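Worksheet for the structure shown next.
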Amino acid sequence: MPVDSAVANPIAYSTAPPIAAGLLAWYDRAARRLPWRAPPGDPPADPYRVWLSEVMLQQTTVAAVGRYFAEFTRRWPTVEALAAADDAEVMGAWAGLGYYARARNLIACARAVAAAGGRFPDEEAGLRALPGIGDYTAAAIAAIAFGRRAVVVDANVERVVARLFRIETPLPVAKPAIRGAADGITPDMRAGDFAQAMMDLGATICTPKRPACAICPLIDHCAAFRAGDPERFPAKAPKAARPERKGTAFWLEAEGAVLLVRRPDKGMLGGMRALPTGPWTDADPGLAGAPRSAAWRSAGKVAHVFTHFALELDVVTAVASGRDAGEGEWWPVARIGEAGLPTLFAKAARLAQKARGKDGE
DNA sequence: AATCCGTGGAT
DNA sequence: TATCCAAGGAT
């Protein structure tokens, strides 16, 4: 197939449309070197690493992904190794990275691929059918790991394209038009490099605020630059206000261990270890939902902002005389850092321990 | 189709 | 400090 030669030949853009040609020439000079990425013009990176990085990078910055990618590939170097891992180990390793449905889907996807022989599908449709792989990720893996021509549209591409063509329609209504425009500039050759070049451009030059148009390789093609208003694009629909909720987290200690629970798979922080909590509501729920009645004392409050609401969590502590089976999981306090708590509960745990330390000990 | 789902860095 | 926003997906 011409796919392989397209990937292997770094000069294959010479006959590409002008925008792609200019962008690929820039990419050959300026590509960011990233642990999961093959250098420009090189053969594609390992599909497992491409897939893992793409899932981690969903709505997540390159800087945040770095050490998680290193740790995951160290512990699970292949898709078969990841498929064989315990769920709790993987969820714990993901703790702090956010959007935990990604970790649950990551496990399911690894097992589906391993069960099918350990090779990822090399076309968009097959990839799209796997858990946690949507339109963007399917296109990205097909292009980056397999050299397929695919229209890869993430938030960077949306911004670059909206500016190039000065698309006035606000997101998300503009998505089909933006995808059509992206299709129109996607070359047949080096589709993976082109996709990564668009994302590098969006991340380093065509930034949301104060884009560095003076050094942009596409300056001669950009309608928004010509009009003098690139920062206006992409237009976006106004977003809803963020409500505030209140809740209580319970730190129950007995014999040097603290009671942890596993949250339900669906909903906030699904599938993660956590401190027991009551409801998260408009009004302060007090001690509703306490794992048992006890002399609860407040250690203070933790503020945490999620995507669609802000939470103020009152952290209360108590010491129990003994452990009851079936309440949850009694975790050694001294090793709480290894429990894989999401950030909200890691903050709450720090506060609880600080308060307990003051009490005496 | 609109809503739900985390976190931390940049501005 | 408050707001924005990032290599989106599932329902």
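Labels below follow one simple rule: chain letters A, B, ... track the order of the sequence lines, proteins then strands, and each chain is numbered from 1. What you are looking at is a predicted structure, and each value in this text was computed from that prediction instead of being measured. Atoms considered below: every heavy atom in the structure, side chains included; atoms not considered: hydrogens, waters and symmetry mates.
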Report which part of the nucleic acid [X] touches: base, sugar-phosphate, or nothing (heavy-atom distance under 4.0 Å, all strands).
X      : answer
A:L34  : base
A:V305 : base
A:A155 : sugar-phosphate
A:G96  : sugar-phosphate
A:P172 : nothing
A:M199 : base
A:R104 : nothing

Task: Main-chain N/O of A:T186 paired with A:R149 side-chain donor or acceptor, under 3.5 Å - done: yes

Open item on the list: Between A:T207 (side chain only) and A:T204 (backbone N and O only), is there a donor and an acceptor less than 3.5 Å apart?
Closed with: no

- [ ] Considering only atom C1', compute the distance from B:dA1 to C:dA10 and round it to an integer number of Å.
- [x] 13 Å

Open item on the list: If I pick the P atom on B:dT11 and the same atom on C:dA7, what distance separates them, to the nearest angstrom?
Closed with: 14 Å

Task: Cation over ring face, A:R163 and A:F233, 6.0 Å, 45° - done: no

Open item on the list: Does the Lys NZ or Arg CZ of A:R49 fall within the cation-pi geometry relative to A:W51 - under 6.0 Å from the ring centre and within 45° of the axis?
Closed with: no

[X] vs [N]: side-chain N/O to OP1/OP2 distance below 4.0 Å:
X      : N     : answer
A:T137 : C:dG9 : yes
A:H308 : B:dC5 : yes
A:R159 : C:dA6 : yes
A:H304 : B:dT7 : yes
A:Q59  : C:dA6 : no
A:Y100 : B:dT7 : yes

Closest to the [X] side chain: [options]?
X      : options              : result
A:Y99  : B:dG6, C:dA7, C:dC5  : B:dG6
A:T343 : B:dC5, C:dA7, B:dG8  : B:dG8
A:N105 : C:dA10, B:dC5, C:dA7 : C:dA10

Open item on the list: Side chains of A:E253 and A:T317: any donor to acceptor distance under 3.5 Å?
Closed with: no

Open item on the list: Salt bridge check, A:D265 against A:R262: does any charged N sit closer than 4.0 Å to a carboxylate O?
Closed with: yes

Interatomic distance, [X] [atom1] vs [N] [atom2] [rounded to whole Å]:
X      : N     : atom1 : atom2 : value
A:L97  : C:dA7 : CG    : C1'   : 13 Å
A:W280 : B:dC5 : CH2   : P     : 9 Å
A:D200 : C:dA6 : CG    : P     : 15 Å
A:R102 : C:dA7 : CZ    : P     : 13 Å
A:F306 : B:dC5 : CZ    : P     : 9 Å
A:L171 : B:dA1 : CG    : P     : 15 Å
A:K175 : C:dG9 : NZ    : C1'   : 11 Å
A:L269 : B:dC4 : CG    : P     : 15 Å

Task: Upstream residue (5' side of DNA chain B) when A:K209 and A:T307 are each assigned their closest nucleotide - done: A:T307

Task: Base of B:dG6 paired with side chain of A:T60 (donor-acceptor, under 3.5 Å) - done: yes

Task: Residue mapping more 5' on DNA chain C - nearest nucleotide basis, A:K239 or A:D135 - done: A:K239

Open item on the list: Between A:K266 and A:W36, which residue's closest nucleotide on DNA chain C lies nearer the 5′ terminus?
Closed with: A:W36

Open item on the list: With a 6.0 Å cut-off on the ring centroids, do A:F69 and A:F72 count as close?
Closed with: no

TODO: Identify the nucleotide, in any strand shown, that forms a Watson-Crick or G-U wobble pair with C:dA10, with both distances under 3.5 Å; if there is none, say none.
DONE: B:dT3

